[in-house]
Colleague: 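Have a look at this one before I ask anything.
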Amino acid sequence: MDTKIITIDTYKPATNDVGYPPRNGANSVQNPVSQPILGANDTTLGRHLARRLVQIGVTDVFSVPGDFNLTLLDHLVDEPALNLIGCCNELNAGYAADGYARNCGVGACVVTFTVGGLSILNAIAGAYSENLPIICIVGGPNSNDFGTNRILHHTIGLPDFTQELRCFQPVTCHQAIVNNLEDAHERIDAAISTCLIESKPVYISISCNLPGIPHPSFINEPVPFYLTPKSSNQMSLEIAAEATAEFLNKAVKPVMVGGPKLRVAKASDAFVELADACGYSIAVMPSAKGVVPEHHPHFIGTYWGAVSTSFCAEIVESSDAYLFVGPIFNDYSSVGYSLLLKKEKAIIVQPDRVVIGNGLTLGCIRMNDFLKALAKRLKHNTTAYGNYRRTYVSDGHPRQWDSWFNCQKLKLMGKKYEFQMQYGSIGWSVGATLGYAQADPHKRVIACIGDGSFQVTAQDVSTMLRCGQKSIIFLINNGGYTIEVEIHDGPYNVIKNWNYTGLIDAIHNGEGKCWTAKVHCEEELIEAIEMATGNKKDSLCFIEVIVHKDDTSKELLEWGSRVSAANSRPPNHD
């Protein structure tokens, strides 16, 4: 499990929300890149797919070549508005598409049949759990081989081509097998549409002999991609807004808490508008850090139960009404199911429904619509924030180091922050940093990565260098899986120490701009940061921070003990 800290502003494409009509009244997402006049050879499946990716806002596709996808890759390379980025392995290509989608709104990756597909599967599962729209494209078998009972390479040796498909079904919201040109256009567009509507990954398999073949459905100037905007049921919306306003207006010290599904609903702005209107204290759940601006005058920190930032839990849990917007309550975010919250005091707002206390539940309500309707009905109430200001005292002590918990205490001041809390896949942050930085090369990404995590996916630092990225990576070298140690210690949590700066120097190999440093104390760290942000600001900077294996925050110790207790509960006896 690892963390990536993003210090760049959210990328906002000129076409507004990805896949939806611009707010100026036009009905389609137009390709922002001027299109050349196309000939007959451009009416192919491969060029159609490439143009569709550009239309929905994808300009970078992460890939690993294999014999079943090579022809398709040729067509992606030929699309002038697409940049094909070769990754060191499929897992990192998937993580890169994850990071790209977090920044740009949608991501895409291309791998080969089965050996590539099963390698990328873990990254796609993580994206599914985090509600990220990723188009995972696989180069599939020749269309003539379907139904022939033949055994192909890159398979487990059985004449069954559905193994990969069956593996992807639980972790994607739509699957398309394209082995016939007659319905290829329809299948591709249906998959892309579902990906954007559901904000989940989709799987598209394209037979290796089809990308270069023209077909009348792949017209030179394809119909612009269009999604019908979602709308709320007006009766449900009015009832929910009125009932919630009545509930909250009776409270003495209500609070608002933002959750990670604010991103899925594209409702961060509406959340802030509601906070401005009502005057409540606002906090975020740990996986929503950066989704809500921390420079908001009523921001009080991260609500994470017993390991919340200072004085935040006291304000939230002592409130007589809390409005949770887009929350995910799991064992990690609830600190082993130990949150001191009462359901009868809570309003839970999800992207498509509202739950009021122990009673009313209403669906078919868009989060954006609900928050805007509620803003017109709530009375201004700053009591909870006043209580926070009276009780808050900064501890003034330097932080001990672990990525998940101390990074929650960073003051972002309008910047963005990402970590994979729901899925928690070790190694995620290297590939995700690659993808996030590629989505907006004019901004700089800062990543804090544990040594154990880095050993899983270190190779794609080379791809960062090849792409000319200028991220700053802090490698926390504390000798193992510290977060696992605090849940349950054992010899398996100790890893072989690497010369991490030496490894990066070897990967650099004199090609591209790269600077490394190894620091042992605060003074050396300050000097390294000054160099990374000064003379080496145009380089990828890798700073190895040597810390003691037990140099952990009190929040990690508390969290680990509670998660351990939750994991070790004995079986129920009925």
Side-chain angles (χ1 to χ4, degrees), residues 1-6 8 10-11 18 53 56-64 83 85-111 116-138 168 170-173 192 195-196 198-204 260-261 263-264 287-291 328 403 416-440 445 447-449 453-454 456-461 463-464 467 469 471 473:
M1 293 172 287
D2 47 20
T3 302
K4 183 175 63 159
I5 316 307
I6 306 303
I8 60 181
T10 302
Y11 175 73
V18 175
L53 292 175
I56 64 170
V58 173
T59 58
D60 301 271
V61 178
F62 302 92
S63 67
V64 176
N83 182 27
I85 298 177
C87 296
C88 295
N89 57 59
E90 291 87 358
L91 180 61
N92 274 341
Y95 287 152
D98 172 311
Y100 191 92
R102 290 169 186 267
N103 196 352
C104 196
V106 60
C109 49
V110 184
V111 296
L118 298 190
S119 291
I120 205 172
L121 190 67
N122 185 53
I124 299 302
Y128 187 92
S129 74
E130 301 271 330
N131 301 291
L132 296 171
I134 292 178
I135 300 164
C136 182
I137 304 163
V138 175
F168 271 93
V171 296
T172 55
C173 66
I192 293 175
C195 176
L196 297 176
E198 300 296 328
S199 193
K200 295 278 191 182
V202 295
Y203 164 86
I204 303 176
K261 290 190 178 180
R263 182 213 302 274
V264 181
S287 51
K289 185 176 175 66
V291 177
I328 294 178
S403 294
K416 297 299 178 182
Y417 171 99
E418 302 287 348
F419 80 132
Q420 194 193 51
M421 185 170 195
Q422 173 61 39
Y423 199 58
S425 183
I426 189 168
W428 163 86
S429 58
V430 175
T433 298
L434 164 65
Y436 203 105
Q438 191 63 29
D440 192 347
V445 175
C448 293
I449 306 176
S453 170
F454 188 75
V456 177
T457 51
Q459 307 98 307
D460 269 285
V461 171
T463 309
M464 298 177 194
C467 293
Q469 295 183 3
S471 299
I473 297 174

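FYI, side chains are in, hydrogens and waters are out, and symmetry mates aren't considered; it's all heavy atoms of this structure. Since this is a predicted model, take the numbers as computed values, not measurements.
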Colleague: Not counting sequence neighbours, which residues clear side-chain contact (heavy atoms from CB on, under 4.5 Å) with Ser119? List them please.
Modeller: Glu90
Colleague: Do side-chain atoms of Asp460 reach the backbone of Thr463 as a donor and acceptor pair under 3.5 angstrom?
Modeller: no
Colleague: Measure the CG-CD distance between Asn103 and Glu418 for me, rounded to the nearest 0.5 Å.
Modeller: 8.0 Å
Colleague: What is the distance from atom SG of Cys109 to atom CG of Asp60, rounded to the nearest 0.5 Å?
Modeller: 13.0 Å
Colleague: Sequence neighbours excluded, which residues qualify as salt bridge (Lys or Arg N to Asp or Glu O under 4.0 Å) partners of Lys261?
Modeller: none
Colleague: My understanding is that only residues two or more places apart in sequence, or in another chain, count here; which of them pass side-chain contact (heavy atoms from CB on, under 4.5 Å) with Ala96?
Modeller: Phe62, Leu434
Colleague: Would you call Ser425 and Gln420 a side-chain contact if the rule is heavy atoms closer than 4.5 Å?
Modeller: yes
Colleague: Apply side-chain contact (heavy atoms from CB on, under 4.5 Å) to Thr172 and list each qualifying residue two or more places apart in sequence or on a separate chain.
Modeller: Ile124, Phe168, Gln175, Pro201, Tyr203
Colleague: Distance only, no hydrogens: is a donor on one side chain within 3.5 Å (strictly under) of an acceptor on the other, for Tyr100 and Thr59?
Modeller: yes
Colleague: Can you sort out the partners of Ser471 under side-chain contact (heavy atoms from CB on, under 4.5 Å), two or more places apart, ordered by chain and number?
Modeller: Thr433, Ala437, Val445, Gln469
Colleague: Per the salt bridge (charged side-chain N to carboxylate O under 4.0 Å, His left out) rule, what does the pair list look like for residues 123-137, sequence neighbours excluded?
Modeller: Arg102-Glu130
Colleague: For Lys200 and Tyr128, which heavy atoms make the closest approach, and how far apart are they?
Modeller: NZ-O, 2.7 Å
Colleague: Can you tell which of Ile192, Val61, Val110 makes a side-chain contact (heavy atoms from CB on, under 4.5 Å) with Ile135?
Modeller: Ile192
